[in-house]
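Report on the following structure.
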Amino acid sequence: MKAKIRIPSFFKKFYKVMTLCALYSITFAIFYLAISTQTVASEQMNLVRIVLFMLLLPLLIKYITQLVALCFYPRINNKHNIDEQNLPSVSILVPAYNEEVGITKTLRSVVNTHYNKLQIIVINDGSTDNTDDIISEFQRQHQQSDSLIEFIYLSITNAGKANALNHALKSATGDIIMTIDGDCLIDKDAVINTVKHFHQENVAAVAGNVVIGNKRRSIEIMQQLEYLFGFFLRRADSVFNAVFIIGGAAAAYRHSVLKKLGGFNHDIVTEDIEMSLRILNAGYRTRYAADAITYTEGPSDWRGLFNQRLRWKFGRFQTLLKFKNMFFSVDTKHSVYLTWLVLPLAIYGEVILMLEAVIISLFYGYSVYYNDYLPILTMIGFISVLLCLQVFLDSKPKYHRNLIMLAPVAWLIFYIVDIVELQALYRSLKRLLRKQSLTWQKWIRVGL
């Protein structure tokens with residue numbers, strides 16, 4: 001076995017600084033060219049502009065709609081009518097498969113939420129490492145403490161996350177079921193801030209705000225940026241009852257609805273997305289709790305990231321195919337925003353991703369040939385302002401302030417994200433065409 005070469009921290013920091021300088025140089029070059037060059041007028045230029053604009057128009061409509069809807073999020077997020085003395089009981093399910101690195105910290109973070117009516121159920125899904133010993137020791141210490149939180153430990157044969165969750169539901173007694181992954185840390189106010197969204201009877205599921213907890217390496221910071229952008233726009237989806245991705249790392253469900261719908265699906269690799277759309281398809285409402293923070297460990301190597309996104313993409317396709325009846329649905333129980341805008345554009349976005357190489361070539365080729373850098377400057381300015389806005393409006397703005405310095409170069413970082421998504425797209429389509437399945441993807445954990 002080859003010894004792993006350790007790179008000195010000095011070189012790692014030097015690499016980060018040089019990479020950042022290179023990205024800034026590209027942005028400054030665009031500004032310089034925009035100021036110093038004269039645009040060449042041409043009818044062909046206008047034609048290229050129109051073609052590119054029409055291609056991106058559906059996505060622009062979606063983003064503009066979401067930005068406008070953000071203004072209404074505080075109104076639906078108003079929780080002043082909640083009776084703090086009569087909050088529902090909560091069961092937190094923690095499925096664990098080979099989570100010896102971080103499971104203790106995860107469980108401590110749950111106990112430290114200090115929610116009065118709390119039950120914790122940990123499911124060891126046939127782990128082959130020391131997960132069993134670690135959880136058993138934690139259970140022993142918990143029983144010896146004066147905590148009023150009920151702690152249940154279940155050890156089962158490995159059969160996947162959906163099976164583990166369904167097994168735990170048999171022992172769950174809470175009115176609200178929350179799920180978190182075995183590598184996550186839950187904020188001390190996450191439980192209370194989540195359950196307050198269930199004050200309306202027709203709200204069946206609430207998505208928490210998942211934040212990347214490891215942000216030392218460049219690949220981790222990239223994911224921090226990506227998560228911040230993605231979860232920020234879920235505020236708009238919440239306004240329109242269209243939160244259709246309620247990730248299992250920070251998900252909450254009304255227990256009665258889970259039972260009525262038959263529990264989690266074993267056949268789709270992303271059981272959380274499948275459950276989210278099943279709930280919406282049944283006519284219930286979903287919400288997003290921006291102040292219910294859960295810190296998750298993002299992959300710290302490219303192979304792990306590629307495999308993670310493959311699972312997400314493949315599972316999303318599986319789910320959309322299953323609920324194809326919701327596309328352009330006129331059923332009054334469905335959100336028009338979801339069925340006529342979000343879901344169709346989820347597919348359209350994948351088509352644009354496949355054509356992105358051609359679109360980028362046209363876009364930048366046109367800009368260079370005609371010296372027209374205004375569209376690029378507009379894009380840079382829009383993304384920079386939006387990123388700063390997202391940081392300042394986040395419930396933990398200090399945590400994300402490291403991203404402010406990336407605002408002028410975020411547009412370049414998102415191209416790297418697109419490459420990751422593109423490989424996941426091609427691998428997913430390949431599996432779907434060959435009718436191949438996908439098993440749970442794991443990567444090396446280092447802990448938060």
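Within the 3.5 Å criterion, the main-chain N or O of P408 finds a donor-acceptor partner in the side chain of T27. Formation of a donor-acceptor pair under 3.5 Å by the T294 side chain with backbone atoms of V210 is not found in this model. S335 places a side-chain N or O within 3.5 Å of a backbone atom of L338 that can act as its donor or acceptor partner. Judged by distance alone, with hydrogens and angles left aside, the side-chain atoms of T131 form a donor-acceptor pair with the main-chain N or O of E99 at under 3.5 Å. Checking side-chain atoms of R278 against main-chain N and O of L261 turns up a donor-acceptor pair under 3.5 Å. Formation of a donor-acceptor pair under 3.5 Å by the Q223 side chain with backbone atoms of I219 is found in this model. Between the side chain of T179 and the main chain of L93, no donor-acceptor pair closer than 3.5 Å is present. Between the side chain of N166 and the backbone N or O of F264 there is at least one donor-acceptor pair closer than 3.5 Å. The main-chain N or O of I186 is found under 3.5 Å from a side-chain atom of S109 such that the two form a donor-acceptor pair.
Every residue was checked against the ring-ring contact (aromatic ring centres under 6.0 Å, His included) condition with F363, not counting sequence neighbours, and none meets it. Under the salt bridge (charged side-chain N to carboxylate O under 4.0 Å, His left out) criterion, R140 pairs with E137, sequence neighbours left out. Evaluation of the ring-ring contact (aromatic ring centres under 6.0 Å, His included) rule for F53 yields no partner, not counting sequence neighbours. Residues passing the salt bridge (charged side-chain N to carboxylate O under 4.0 Å, His left out) test with R316: none are found, sequence neighbours excluded. Annotation: salt bridge (charged side-chain N to carboxylate O under 4.0 Å, His left out) contacts of E220 (sequence neighbours excluded): none. In this view, F317 satisfies the ring-ring contact (aromatic ring centres under 6.0 Å, His included) rule with no residue, not counting sequence neighbours. With sequence neighbours left out, the salt bridge (charged side-chain N to carboxylate O under 4.0 Å, His left out) criterion links K324 to no other residue. With sequence neighbours left out, Y348 forms a ring-ring contact (aromatic ring centres under 6.0 Å, His included) with no residue at all.
A side chain to side chain donor-acceptor pair (under 3.5 Å) check over residues 238-265, counting only residues at least two apart or in different chains, returns the pairs K260-Y284. Contacts classified as ring-ring contact (aromatic ring centres under 6.0 Å, His included) and involving residues 118-168 (residues at least two apart or in different chains) are given here: F138-F151, H142-F151. Residue pairs satisfying the salt bridge (Lys or Arg N to Asp or Glu O under 4.0 Å) criterion with at least one member in residues 224-240, sequence neighbours excluded, are listed as follows: E226-R309. Legend: salt bridge (Lys or Arg N to Asp or Glu O under 4.0 Å) pairs involving residues 341-359, not counting sequence neighbours, sorted by first then second residue: K313-E350.
For the pair K215 and Y399, the cation-pi test (distance below 6.0 Å, angle within 45°) is passed.
Between D187 and K396, at least one side-chain N (NZ, or NE/NH1/NH2) sits under 4.0 Å from a carboxylate O, which counts as a salt bridge. By the 4.0 Å N-to-carboxylate-O rule, K161 lies too far from D272 to be salt-bridged with it.
Partner of N281 under the side chain to side chain donor-acceptor pair (under 3.5 Å) criterion, out of N325, D331, T339: N325 alone.
Minimum heavy-atom separation, V90 to V195: CG2-CG1, 3.5 Å.
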Test side chain to side chain contact (heavy atoms under 4.5 Å, CB included) applied to L403 and I221, step by step: CA-CA 8 Å; L403 297 178; I221 296 174; 4.0 Å; yes

Stepwise side chain to side chain contact (heavy atoms under 4.5 Å, CB included) check, L154 with I121: CA-CA 7 Å; L154 306 173; I121 304 178; 3.8 Å; yes

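Distance check, rounded to the nearest 0.5 Å: OH of Y295 to CG of N209 gives 9.0 Å.
With contacts defined as side-chain heavy-atom distances shorter than 4.5 Å, the pair T296/D183 qualifies. Residues I360 and Y415 are in side-chain contact: their nearest non-hydrogen atoms beyond the backbone lie under 4.5 Å apart. In this structure, L425 and E421 have side chains that are not in contact, with every pair of non-hydrogen atoms separated by 4.5 Å or more. Counting heavy atoms from C-beta outward, I135 and I103 have side chains that approach closer than 4.5 Å.
By the 30° and 60° cut-offs, the orientation of the rings of F328 relative to W340 is perpendicular. Ring orientation note: the planes of F414 and F229 are nearly perpendicular, at an angle over 60° on the 30°/60° scale.
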